[in-house]
Amino acid sequence: MSTARPDIVFIVLDTQRRDRLSCYGYPLPTSPHLDAFAATSTRFHHAVSAAQWTVPSHATLFTGLYPSAHGVLQSYSRLPDHIPTLAERLSAGGYYTAGFCNNPLVGVINNGLRRGFYSFLNYSGLLTSRPNQAGIPSGLVGKYRQFFKRSLANLLNRVQDSFARSELMLALSFTPLMVPLWQTALSFKGNTRKSLDDAAQLLIDRKGLDSDQPIFSFLNLMGTHMPYHPPRQYVERFAPNVLRDKAAQHYLKQFNGDIYGWLAPLAEVLDERQKATLDGMYDAEVAYQDELLGAFFRRLAESGRLDSTLVIVCSDHGEHLGEKQFIGHSITLYNELIQVPLMIHDPSGNLPKGTVREDVVSTRRLFHTVLTSAGLANEMEEALTLAHTPGSEGDRRVFAEAIPPQNVVNLLYKRQPELVLARACDQPRRAVWIGNHKLIETGGDSGTDGFANRLELYDFQQDPTEALNLSDILPENVEVLQECLQQFVGEYAGEGAEYGDRAGATEQHRAPGFDDPEVQRRLRDLGYLED
């Protein structure tokens with residue numbers, strides 16, 4: 001293998017909000033180490049996740065396909081075998097592929113997302129993994145131990161997999177007896193420090209690898225995911241009210257143990273104390289994770305590896321902390337969930353250091369960017385690399401989809417059916433970004449069960465909190481953007497099924513319907529396209 005090919009580190013900060021990082025304008029110093037990393041990277045100011053929760057978002061990151069195309073929409077979904085993953089492509093191209101994962105929905109559930117990884121380590125769940133770069137154990141005892149551990153792991157993984165596929169098992173996990181068990185003994189949030197240390201050790205020591213074999217390392221970190229238990233020193237800095245206010249302590253304890261409350265819309269607006277408690281504890285988790293990331297970057301820099309490594313830092317989605325009366329990340333396509341941080345440190349210089357990109361980009365294009373950097377992309381994939389500047393052949397329109405998790409919807413129907421209807425929790429949501437506008441459509445093609453589609457138009461540049469719905473003010477813009485969404489649904493829905501017939505192509509060069517003359521004319525008339 002050529003030593004010119006870079007190592008690739010792909011870090012997904014699970015549930016990390018973009019607007020809570022100081023390099024994205026947050027007024028509190030939550031992320032000094034990521035700020036320093038961003039200063040040596042290309043930072044994307046308007047990166048959009050293709051989905052609002054973990055499973056479909058990761059499937060998009062690993063395939064370059066929108067959720068409607070790859071079909072991994074539910075916790076029980078499985079990626080079709082005919083759609084190759086990023087790890088499979090890189091492994092076939094000579095990369096050593098290793099995963100260091102803290103989210104059981106990615107690392108434990110049998111959904112096909114682990115395909116292509118030679119080594120995949122889990123830091124959460126019933127049986128955590130340990131690095132296996134040391135090779136095959138020698139001796140009868142060593143082989144027996146490995147056989148026993150694999151057999152036990154397979155059994156326990158089947159048990160854990162059932163929680164994602166059975167409503168009864170999922171409801172059981174919410175009971176008062178089970179919640180403290182899986183939050184602590186089962187390491188729900190994994191071990192951020194350990195996973196970063198193990199990844200750094202692989203990249204630096206390269207034990208058991210040929211000296212010129214490049215490495216692809218995927219990391220999922222769960223530091224900012226609920227529940228919130230940051231070290232005290234970070235609570236003192238970002239949530240001091242929790243240390244001195246017993247009412248805040250009581251609310252936090254109740255919140256951390258109320259798993260159903262992480263999923264359901266709020267019946268009432270959070271009061272000032274509750275909002276301050278959630279904001280402060282979330283910020284504390286962000287800052288603690290940032291400290292651990294700083295140590296990881298420092299180890300790579302001191303070893304000399306960072307200079308030859310493509311490092312991507314992004315999020316799979318954000319988090320609602322009471323905004324618009326939502327909690328968690330199950331339902332909406334508002335910016336709190338879907339606009340994510342994205343920074344790329346590129347040793348090739350194709351993505352220049354210290355620059356900020358203002359164009360809207362989809363995180364699905366990280367698939368194409370990685371393959372291009374590894375020298376493994378075909379012509380169509382190269383056209384979608386993020387190294388292309390605005391105005392080139394990349395995405396001219398960006399889409400996102402929020403298909404509600406069915407097990408969550410079923411729970412909501414059983415407990416609060418009135419909220420399901422009032423907040424459209426059972427309805428799909430799709431969004432499109434064109435120019436400086438974002439349109440969110442809630443509901444099916446023509447509405448279902450008597451539900452009339454809801455349309456929301458926002459100027460995401462001037463109104464990042466999406467406080468003013470412009471749909472009644474700019475009806476013509478709404479109409480044209482809605483047509484783009486309808487074309488998206490029609491043209492992308494069958495893309496995954498057709499994948500095997502397209503000789504490895506992952507997508508069209510341009511967004512759906514882009515070459516429709518009438519659509520182009522109307523977009524141009526509205527100022528979305530230049531002549």
Side-chain angles (χ1 to χ4, degrees), residues 17-21 24-26 44-53 57 66-67 265-266 269 315 317-342 357-364 390 395-404 422-425 427-443 451-489 511 519 522-529:
R17 284 175 57 148
R18 187 202 73 153
D19 63 356
R20 293 306 179 91
L21 299 176
Y24 281 95
Y26 194 51
F44 292 82
H45 193 66
H46 295 294
V48 172
S49 176
Q52 87 289 12
W53 71 290
S57 177
Y66 280 115
L266 295 167
V269 177
S315 175
H317 56 76
E319 187 80 321
H320 273 299
L321 297 171
E323 299 86 6
K324 303 175 181 67
Q325 288 185 240
F326 283 102
I327 290 287
H329 48 265
S330 298
I331 298 170
T332 84
L333 287 176
Y334 293 123
N335 285 345
E336 289 85 3
L337 290 196
I338 214 72
Q339 200 164 34
V340 296
L342 174 59
R357 286 268 295 272
E358 296 287 347
D359 52 321
V360 183
V361 300
S362 172
T363 56
R364 76 186 181 95
D395 272 346
R396 300 292 295 273
R397 310 172 198 178
V398 171
F399 298 91
E401 301 179 89
I403 309 301
R423 308 304 298 278
C425 299
Q427 296 295 316
R429 287 167 166 81
R430 293 182 173 89
V432 58
W433 285 254
I434 303 178
N436 62 334
H437 285 139
K438 167 188 176 183
L439 179 72
I440 303 174
E441 180 181 44
T442 300
F451 179 88
N453 288 6
R454 298 177 183 175
L455 298 169
E456 301 169 72
L457 181 71
Y458 298 105
D459 185 330
F460 65 87
Q461 297 277 10
Q462 301 299 321
D463 181 22
T465 63
E466 297 163 320
L468 178 61
N469 183 356
L470 302 171
S471 59
D472 291 334
I473 303 172
L474 300 172
E476 187 175 356
N477 298 62
V478 170
E479 183 180 351
V480 175
L481 268 62
Q482 190 177 21
E483 286 183 11
C484 293
L485 281 176
Q486 291 170 351
Q487 291 169 343
F488 166 78
V489 173
V519 173
R522 297 184 70 188
L523 288 170
R524 189 175 292 108
D525 289 345
L526 291 171
Y528 291 126
L529 293 178

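Numbers here are sequence positions counted from 1. Heavy atoms only: backbone and side chains are in, while hydrogens, waters and symmetry mates are out. On a predicted model such as this, the values are computed, not experimentally measured, just so you know.
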With no hydrogens and no angle check, is any side-chain donor or acceptor of R429 less than 3.5 Å from a backbone partner on A424? yes

Give, for atom CD of Q482 and atom CD of Q487, the distance between the pair rounded to the nearest 0.5 Å. 11.5 Å

Measure the OG-CG distance between S471 and L481 for me, rounded to the nearest 0.5 Å. 12.0 Å

Taking Q461's backbone N and O only, do any of them form a donor-acceptor pair with N436's side chain (distance below 3.5 Å, no angle check)? no

Atom of A47, atom of L342 and distance for their closest heavy-atom approach: CB-CB, 3.7 Å

To the closest 0.5 Å, what do you measure between CG (L455) and CD1 (I440)? 10.0 Å

Any side-chain heavy-atom pair of I331 and Q52 under 4.5 Å: no

Evaluate the criterion side-chain contact (heavy atoms from CB on, under 4.5 Å) for residue pair E336 and L321; output intermediate values, then yes/no. CA-CA 8 Å; E336 289 85 3; L321 297 171; over 6 Å; no

So do the side chains of P265 and C425 get within less than 4.5 Å of each other, counting heavy atoms only? yes

Between atom CD of E401 and atom OG of S49, what is the distance when rounded to the nearest 0.5 Å? 11.0 Å

N335 vs K438 side-chain heavy atoms within contact, under 4.5 Å: yes

Could you check whether any side-chain heavy atom of R430 comes within less than 4.5 Å of a side-chain heavy atom of I403, counting everything from C-beta outward? yes

Does a side-chain heavy-atom distance below 4.5 Å link L21 with Y26? no

For the NZ atom of K324 and the CZ atom of R423, what is their distance to the nearest 0.5 Å? 10.5 Å

Locate the shortest heavy-atom distance separating G318 from V340; write the atom from each residue and the value. N-CG1, 4.4 Å

Please say which of N477, I473, L468 ends up in a side chain to side chain contact (heavy atoms under 4.5 Å, CB included) with L457. N477

How are the rings of Y66 and F488 set to each other: parallel, tilted or perpendicular (split at 30° and 60°)? perpendicular

How far apart are the closest heavy atoms of A400 and V48, and which atoms are they? CB-CG1, 4.2 Å

Side chains of E319 and H329: donor-acceptor distance under 3.5 Å anywhere? yes

Do T465 and D463 have side chains that approach each other closer than 4.5 Å (heavy atoms only, starting at C-beta)? yes

Before you tell me yes or no, could you show the steps for L337 and W53 under side-chain contact (heavy atoms from CB on, under 4.5 Å), namely the whole-Å CA-CA distance, both residues' side-chain angles and the distance that decides it to 0.1 Å? CA-CA 8 Å; L337 290 196; W53 71 290; over 6 Å; no

Minimum-distance pair of heavy atoms, taken over all atoms of C484 and R397: SG-NH1, 3.2 Å

Rounded to the nearest 0.5 angstrom, the CH2-OH distance for W433 and Y458 is 12.0 Å

Test item: E323 and E466 side chains (from C-beta on) under 4.5 Å apart, heavy atoms: no

Which residue is it: H437, H46, H45? I am looking for the one with a ring pair (Phe, Tyr, Trp, His ring centres under 6.0 Å) to F460. H46

Taking the side chain as everything from C-beta on, heavy atoms only, tell me whether R454 gets closer than 4.5 Å to N469. no

